[in-house]
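Before any comments, here is the structure.
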Amino acid sequence: KQFEWLTAGHVLAGFHEVVVSDATLEAKKRAEAAGKSTWRVSSTLFAHIASDNVLEPLDGFSKEADAHKYPATKAGNQVSDELKAIKLGG
């Protein structure tokens, strides 16, 4: 979400979710029956701006129409707000 903030929404934040469906469970059973590996490796990279740095649209994006939706805020406050929004923060 911080990259979205820096680009005034030009680059939107992605959504990451891991789901196990009935089709996944069936594929696992077939792989086991065939003696194949059931290992699955997934890699996600998360990066954060230092908490005491100010997040605001960078110069190239500060004049975008939606720049007002991304007011200057400390990165740590933005993280806290995100955690609250997904019910992981107090």
Side-chain angles (χ1 to χ4, degrees):
K1 186 88 177 213
Q2 292 179 346
F3 199 65
E4 180 177 328
W5 209 279
L6 295 173
T7 64
H10 187 75
V11 177
L12 296 176
F15 179 73
H16 176 79
E17 181 179 35
V18 177
V19 177
V20 176
S21 66
D22 291 338
T24 304
L25 296 174
E26 286 300 319
K28 180 179 181 283
K29 286 180 187 175
R30 286 192 305 275
E32 287 174 333
K36 295 182 179 178
S37 173
T38 58
W39 278 84
R40 178 183 177 272
V41 177
S42 178
S43 207
T44 302
L45 173 67
F46 295 97
H48 298 276
I49 306 292
S51 295
D52 59 341
N53 284 355
V54 175
L55 279 179
E56 60 187 331
L58 298 171
D59 288 342
F61 299 99
S62 62
K63 297 195 180 5
E64 294 281 329
D66 287 340
H68 69 280
K69 295 179 182 177
Y70 303 92
T73 188
K74 293 266 184 157
N77 293 341
Q78 182 270 331
V79 170
S80 291
D81 291 345
E82 285 297 313
L83 291 174
K84 287 176 193 170
I86 62 172
K87 309 230 184 315
L88 288 178

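- Partners of K74 under the salt bridge (charged side-chain N to carboxylate O under 4.0 Å, His left out) rule, at least two apart in sequence or in another chain, do not exist in this structure.
- No side-chain donor-acceptor contact under 3.5 Å links W5 to the backbone of A75.
- Considering every non-hydrogen atom in both A67 and P57, the closest pair reads O-CG, 4.1 Å.
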For this session: Verify side-chain contact (heavy atoms from CB on, under 4.5 Å) between T73 and V54, making sure each step is shown before the conclusion.
Result: CA-CA 5 Å; T73 188; V54 175; over 6 Å; no
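- Evaluation of the side chain to side chain donor-acceptor pair (under 3.5 Å) test over residues 48-60, restricted to residues two or more places apart or in two chains, returns none.
- For the residue pair A31 and S37, the shortest heavy atom distance occurs at CB-O, 4.1 Å.
- Contact detail for F61 and T7: the closest heavy-atom pair is CD2-O, 3.4 Å.
- Cluster membership for I49 and Y70, using ILVMFWY side-chain heavy atoms within less than 4.5 angstrom, is shared.
- In this structure, CG in L83 is found 6.0 Å from CG in L88, a value given to the nearest 0.5 Å.
- Every pair passing salt bridge (charged side-chain N to carboxylate O under 4.0 Å, His left out) that includes a residue from residues 1-13 is listed here, sequence neighbours excluded: K1-E82.
- E32 meets the salt bridge (charged side-chain N to carboxylate O under 4.0 Å, His left out) test with K28; sequence neighbours excluded.
- Every pair passing salt bridge (charged side-chain N to carboxylate O under 4.0 Å, His left out) that includes a residue from residues 61-70 is listed here, sequence neighbours excluded: D66-K69.
- For the side-chain contact (heavy atoms from CB on, under 4.5 Å) test with F3, the passing option among L12, L55, V11 is V11; the others fail.
- Applying the side chain to side chain donor-acceptor pair (under 3.5 Å) criterion to S62, with sequence neighbours excluded, gives no partner residue.
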